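Okay, structure first, notes after.
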Amino acid sequence: QMQLRESGGGSVQAGESLRLSCSSARTYSSRCMAWFRQAEGKEREGVATIYTGGDNTYYADSVKGRFTISQDNAKDTTYLQMNNLRPEDTAIYYCAAIIARFPADCDGFRHDYNFWGQGTQVTVSS
């Protein structure tokens with residue numbers, strides 16, 4: 001059972017930055033790591049994914065050029081650097097993981113991620 005824990009959320013002004021972290025315990029050798037978010041009253045949506053066995057990344061159109069996902073395998077930690085934040089980025093951000101064999105397994109936002117963190121709130125005010 002993989003355990004995930006997010007940190008780094010908070011309240012910022014539009015245009016500012018935040019970095020979210022997702023620490024993993026009891027990890028598997030290769031997996032897709034992803035960030036999802038859910039705003040109040042809206043469905044959960046994918047934000048970014050990364051394949052831990054390489055540098056393959058995937059982003060939602062709404063965050064391309066502003067957010068960067070990265071992986072530190074030595075620390076078993078996944079990061080989401082969020083720059084130029086907008087009020088519409090306000091949401092609870094969740095880290096998710098699934099075992100993966102190939103980089104292409106992490107393309108897109110699959111619906112079968114089976115390990116999830118508890119979420120961290122990000123609030124962006126105008």
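For the numbers below, each heavy atom of this structure counts, side chains included, while hydrogens, waters and symmetry mates do not. Remember, it's a predicted structure, so these values are computed and weren't measured experimentally.
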Between the side chain of Ser30 and the main-chain N/O of Arg101, is any donor-acceptor distance below 3.5 Å?
no
Which heavy atom of Leu4 sits nearest a heavy atom of Ser24, and at what distance?
CD2-OG, 3.4 Å
Please confirm whether the backbone N or O of Ser7 pairs with a side-chain atom of Ser21, one donor and one acceptor, at under 3.5 Å?
no
Side chain to side chain contact (heavy atoms under 4.5 Å, CB included) with Glu40: which residues, sequence neighbours excluded?
none
Looking at Arg86 and Asp89, is any side-chain nitrogen of the basic one under 4.0 Å from a carboxylate oxygen of the acidic one?
no
Under a side-chain separation threshold of 4.5 Å, the hydrophobic residues clustered together with Tyr51 are none
Give, for atom OG1 of Thr90 and atom CZ of Arg37, the distance between the pair rounded to the nearest 0.5 Å.
9.0 Å
Test item: Asn56 side-chain N/O and Asp107 main-chain N/O as donor-acceptor pair under 3.5 Å:
no
How close do Gln121 and Ala91 get, counting heavy atoms only, and between which atoms?
NE2-O, 3.4 Å
What one should report as the nearest heavy-atom pair of Ala60 and Gly46 is CB-O, 3.4 Å
Here the pair of heavy atoms bringing Leu20 nearest to Trp35 is CB-CH2, 3.6 Å
Are Tyr79 and Met33 grouped together when hydrophobic residues (ILVMFWY) are joined by side-chain heavy atoms under 4.5 angstrom apart?
no
Atom OG in Ser70, atom CZ in Arg19: separation rounded to 0.5 Å?
7.0 Å
Approximate separation, where rounding is to 0.5 Å, of Ile99 CD1 and Asn114 CG
7.0 Å
Give me the atom names and distance for the closest heavy-atom approach of Val122 to Met82.
CG2-CE, 3.9 Å
Any donor and acceptor pair, going by atom type alone, linking the side chain of Glu6 with main-chain N or O of Gly119 inside 3.5 Å?
yes
Quick one: are Arg31 and Thr78 in side-chain contact, heavy atoms under 4.5 Å?
no
Does one hydrophobic cluster hold both Phe67 and Leu18, with members joined at side-chain heavy-atom distances below 4.5 Å?
yes
Any chance you could measure Arg5, atom CZ, to Cys95, atom SG, to the nearest 0.5 Å?
12.5 Å
Basic-acidic side-chain contact under 4.0 Å: Asp105, Arg110
no
Check: Thr49 side chain, Cys106 main-chain N or O, donor-acceptor pair, under 3.5 Å:
yes
Minimum heavy-atom distance Asn83-Ser17, with the two atoms named
OD1-OG, 2.9 Å
Show which residues join Phe109 in its hydrophobic cluster (side-chain heavy-atom contacts under 4.5 Å, direct or indirect), or state none.
Phe36, Tyr58, Ile92, Tyr94, Ile98, Tyr113, Trp116
For the backbone of Ile50 and the side chain of Thr57, can you confirm whether one donor and one acceptor N or O come within less than 3.5 Å of each other?
no
